[in-house]
Structure formats: C-alpha cells, structure tokens
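Input: a single structure, listed below in structure tokens.
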Amino acid sequence: MSEILKNSALMTLTPVPVTVAGIAIVATRCISVLMLANELGYEELANFVHRSAQAWDSTLIFIASQLIFLFELRCAFTLMRGSNRGRWGYALAQAVVLFYMLLASTGWIYPEIFSISGETNAQIIHHTLLQKVPDALVLLLLFVPASSRAFFRAR
C-alpha cells in the first residue's frame, strides 16, 4: 500500500524547473505592471490609456497587449498544472511579442507604442533581445531540463 502512495505522490509533483518558470512568469508580469504604475503615477497612467484610445490602431495594440498579458498569466497557471498547451502557448506569446517589438522598434509598424529606441537597427535589435532575456530563460526552464520534458510528455 505504501508503494502505491509513494508512486502516486511522485506522479503529481511538479518538477522544480516548471514551478520556478511558472512563478517567474507570474512574478515578472505582475511586478512589471506594479513598477509601471509606480513610475507613471495615476495621472500619467490615465494619460497613457487615454492616448492609446485616440486612434484605432493604437487602441487595438493596447488591447492586444492586455490580452497577451492575461494569456501569459493563464499559460503560467496551466503549465504548473502540467498542461503542455500552457508551455507552447507561452512560447507562442513570446514569439509574437518579440516579433512585434522588433518590427515596431525598427519602424516597420506604426504606432510604436511598445518600441525600443536606438540609433541603428543593430542597436535596436540588441536592446530588444536584451529585454527578452528573462523570458528566454523561462523558456529554457520549460523546454531544456529532462524533468520538464518528461513532466509534459507524461501528461
């Protein structure tokens, strides 16, 4: 009987890399929102939302950014429960965000709400990729360790 309980308890445990990745996603997203709100203050935050609502294209990008934020949080919670869709959903969201940031920062897409400035395209791409290093590390925690791969394969 104890062997059955030991084996079933081991089957339900989430590997450490997956737990760390899920907590990192939630923490970085929530802390970034709190830091943005603290940096801007109430008036500037309201102005940012107001400016984003001035034109259809900036409104759509602002709404899309909020949806991606919520989607990433949802992916974090589902991947900690063992859903492979959460892992691939987070990877897809990161690819979309990186693609948009690169296009907006190099001036190919207007409005450039979430762009990174720089003098040359090489500097812009370098700064954009540096912004995504924490997300790349989270993706490595989800895809590289054998315990993470086995955890999602078993589900």
Side-chain angles (χ1 to χ4, degrees), residues 12-145 147-149 151-152 155:
T12 60
L13 291 178
T14 306
V16 173
V18 175
T19 304
V20 168
I23 291 171
I25 294 169
V26 173
T28 56
R29 297 308 179 257
C30 293
I31 289 173
S32 68
V33 169
L34 290 174
M35 287 174 58
L36 179 67
N38 183 47
E39 180 71 24
L40 293 177
Y42 178 75
E43 277 188 41
E44 284 300 314
L45 194 60
N47 286 338
F48 175 71
V49 172
H50 180 70
R51 281 190 309 265
S52 296
Q54 293 298 314
W56 279 106
D57 50 359
S58 59
T59 302
L60 290 176
I61 290 173
F62 182 72
I63 291 172
S65 71
Q66 300 308 308
L67 290 175
I68 285 178
F69 171 78
L70 295 173
F71 180 72
E72 287 176 342
L73 288 180
R74 176 72 177 150
C75 287
F77 290 120
T78 59
L79 70 86
M80 284 192 287
R81 285 189 309 206
S83 172
N84 197 26
R85 291 186 311 179
R87 178 172 75 148
W88 284 104
Y90 181 71
L92 178 68
Q94 290 310 304
V96 168
V97 168
L98 179 63
F99 183 68
Y100 171 77
M101 285 177 68
L102 286 173
L103 289 179
S105 296
T106 55
W108 288 32
I109 292 180
Y110 184 79
E112 301 159 344
I113 293 175
F114 300 105
S115 65
I116 296 174
S117 60
E119 293 179 12
T120 64
N121 279 348
Q123 286 179 335
I124 292 170
I125 291 171
H126 178 72
H127 290 297
T128 304
L129 293 177
L130 283 178
Q131 291 288 321
K132 299 309 284 178
V133 166
D135 298 320
L137 293 175
V138 168
L139 286 171
L140 285 175
L141 284 173
L142 293 175
F143 285 95
V144 172
S147 60
S148 297
R149 291 189 313 245
F151 177 67
F152 290 112
R155 301 286 172 150

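When reading the values below, keep in mind they use all heavy atoms of this one structure, side chains included, and skip hydrogens, waters and symmetry mates.
The residue from Leu142, Leu141, Val138 that alone fulfils the side-chain contact (heavy atoms from CB on, under 4.5 Å) condition with Val20 is Leu141.
With sequence neighbours left out, Val144 forms a side chain to side chain contact (heavy atoms under 4.5 Å, CB included) with Leu140. Applying the side chain to side chain contact (heavy atoms under 4.5 Å, CB included) test to Ser147 and every residue at least two apart in sequence or in another chain returns Pro15, Pro17, Pro145. Qualifying ring pair (Phe, Tyr, Trp, His ring centres under 6.0 Å) partners for Phe143, counting only residues two or more places apart in sequence or in other chains: Trp88. Every residue two or more places apart in sequence or in another chain that forms a side chain to side chain contact (heavy atoms under 4.5 Å, CB included) with Arg85 is listed here: Ser83. Not counting sequence neighbours, Ala95 has no partner by the side chain to side chain contact (heavy atoms under 4.5 Å, CB included) test.
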Without placing hydrogens or testing angles, list every side-chain donor-acceptor pair under 3.5 Å for residues 70-80, not counting sequence neighbours.
{"unit_1": "Glu72", "atom_1": "OE1", "unit_2": "Arg29", "atom_2": "NE", "d": "2.5"}
{"unit_1": "Glu72", "atom_1": "OE2", "unit_2": "Gln94", "atom_2": "NE2", "d": "2.5"}
{"unit_1": "Thr78", "atom_1": "OG1", "unit_2": "Arg74", "atom_2": "O", "d": "3.1"}
{"unit_1": "Thr78", "atom_1": "OG1", "unit_2": "Cys75", "atom_2": "O", "d": "3.0"}

Kindly list each side-chain donor-acceptor pair under 3.5 angstrom involving residues 33-50, sequence neighbours excluded, with atom names and distances?
{"unit_1": "Asn47", "atom_1": "ND2", "unit_2": "Glu43", "atom_2": "O", "d": "3.4"}
{"unit_1": "His50", "atom_1": "NE2", "unit_2": "Gln54", "atom_2": "NE2", "d": "2.8"}

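Side-chain contact check for Leu139 versus Asp135: every heavy-atom pair is 4.5 Å or farther apart. Proximity of Leu102 to Trp108: side-chain heavy atoms (C-beta onward) are nowhere separated by under 4.5 Å.
Between the CD1 atom in Ile25 and the SG atom in Cys30 there is a gap of 11.5 Å [rounded to 0.5 Å]. Here Trp56 contributes atom CH2 and Thr59 contributes atom OG1; the two are 7.0 Å apart, rounded to the nearest 0.5 Å.
Annotation: salt bridge (Lys or Arg N to Asp or Glu O under 4.0 Å) contacts involving residues 86-106, sequence neighbours excluded, are absent.
Looking at every heavy atom in both residues, Pro134 comes nearest to Leu130 through CD-O, 4.2 Å.
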